2 protein chains.
Amino acid sequence: MDAALRAELDLRGVSPDCRQTIELVRDVLARVGDKWTVLVISALASGPLRFGALHEEIAGISHRMLTRTLRSLTRDGLLTRTPYAEMPPRVEYALTPLGHSLNEAVSGVVRWVQKHQPEVIDNRLAFDQVAGT
Amino acid sequence: MDAALRAELDLRGVSPDCRQTIELVRDVLARVGDKWTVLVISALASGPLRFGALHEEIAGISHRMLTRTLRSLTRDGLLTRTPYAEMPPRVEYALTPLGHSLNEAVSGVVRWVQKHQPEVIDNRLAFDQVAGT
DNA sequence: CTGAATCCCTGCCGATACTG
DNA sequence: CAGTATCGGCAGGGATTCAG
């Protein structure tokens, strides 16, 4: 994929007209790299949840950030927002098929992290050991 | 993976002793989410490159950020740094096996972006259309 | 050619308070 | 309960300069 990726992302020598497309790719990639996106997606992977439930489910996320993340994910078509006109109000969020597909793609990275995390930690310690000499 | 991910990342009701582990997982995930990490990894996927070459290859990265990214990736054991005592100096960076494995994991996400990016763009336009009413 | 250090500014994000 | 608006701290990252 490296060649393909660079073909998409490399800005050198491409027509100015094409740069806009590249910006967009970066943009979509940034969505995945977002601090909370992955957590929200994975929280919804097993089924729809309402706002409050998500807030409990995802430890450490602030009210504000959950709102923003949900809004932008909805905007991207990764999840649906369905409000119920009740009292008190209730809003349910659910993954779209697109959202599910992203979840699957991301799961590979999550598994990598789970598998190799100890190794990375060790490497950091070893590195700092040498640097600290 | 959703269950597994939440099992790893969810902070509710876990012993304080375990939270440290969770912090580390987030930490490693952040490495992947870093703005430049993926680009550097993919640039090196096809073979070793020296600092200057990377700087050309990765459009838009600043001198400072390339240095920092390379250093932290080296620290994580994702790539090796081999300086040559010449004049002028030359330093080559190459992916380690661990780095290659990460590259493969990430490639799934990159492919997802490449495939679904147009769809996401459309969704955004449609969303803004309605919102702008 | 690499890379470390400094300066500085922008934008993210948490806390808080207020609407429906 | 769900969402918006405002403020403020602080970190990311670019430009520049100095060193080996």
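Proteins come first, then strands; the chains are lettered A, B, ... in the order of their sequence lines, and each starts at number 1. Keep in mind that what you see is a predicted model, and the values were worked out from it rather than measured.
- With rounding to whole Å, A/H63 atom NE2 is found 12 Å from C/dC18 atom C1'.
- Separating the CE atom of A/M65 from the C1' atom of C/dA15 is a distance of 12 Å, rounded to the nearest angstrom.
- Each of B/D34 and A/G52 was assigned the nucleotide of DNA chain D with the nearest heavy atom; the assignment lying further toward the 5' end belongs to A/G52.
- Residue A/R50 has its side chain nearest to D/dA2 when only D/dA2, D/dG20, D/dT4 are considered.
- Taking atom CE of residue B/M87 and atom C1' of nucleotide C/dC1, one finds them 8 Å apart after rounding to whole Å.
- With rounding to whole Å, A/L66 atom CG is found 12 Å from D/dT4 atom P.
- If you check every strand for non-hydrogen atoms under 4.0 Å, B/R68 touches nothing.
- Of the possible donor and acceptor atoms, none in the side chain of A/T74 sits under 3.5 Å from a partner among the backbone N and O of A/T80.
- Spacing between atom NZ of B/K35 and atom C1' of D/dG12 amounts to 9 Å, rounded to whole angstrom units.
- Mapping B/R64 and B/A53 onto DNA chain C by nearest heavy atom places B/A53 at the nucleotide closer to the 5' end.
- In this structure, the CZ atom of B/F51 is 11 Å from the P atom of C/dC1, given to the nearest Å.
- Taking CZ of A/F127 as the reference point, atom OG of B/S72 lies at 9.0 Å (rounded to 0.5 Å).
- Looking at heavy-atom distances under 4.0 Å, A/Y93 makes contact with sugar-phosphate atoms alone, never a base.
- Judged by distance alone, the side chain of B/T37 and the main-chain N or O of B/R31 form a donor-acceptor pair under 3.5 Å.
- Hydrophobic clustering of Ile, Leu, Val, Met, Phe, Trp and Tyr side chains at less than 4.5 Å, counting indirect connections, unites B/I58 with B/M65.
- What separates CD1 of A/I58 from P of C/dG14 is a distance of 12 Å, to the nearest Å.
- Both B/R71 and A/W36 lie close to DNA chain C; mapped to their nearest nucleotides by heavy-atom distance, the more 5′-ward contact belongs to B/R71.
- Using the six-membered ring where Trp is involved, A/F51 and A/H63 have ring planes that are tilted, between 30° and 60° apart.
- Rounded to whole angstrom, the span from the CD1 atom of B/I61 across to the C1' atom of C/dT2 amounts to 14 Å.
- Contact annotation: A/R90 side-chain N/O to D/dA2 OP1/OP2 distance is not under 4.0 Å.
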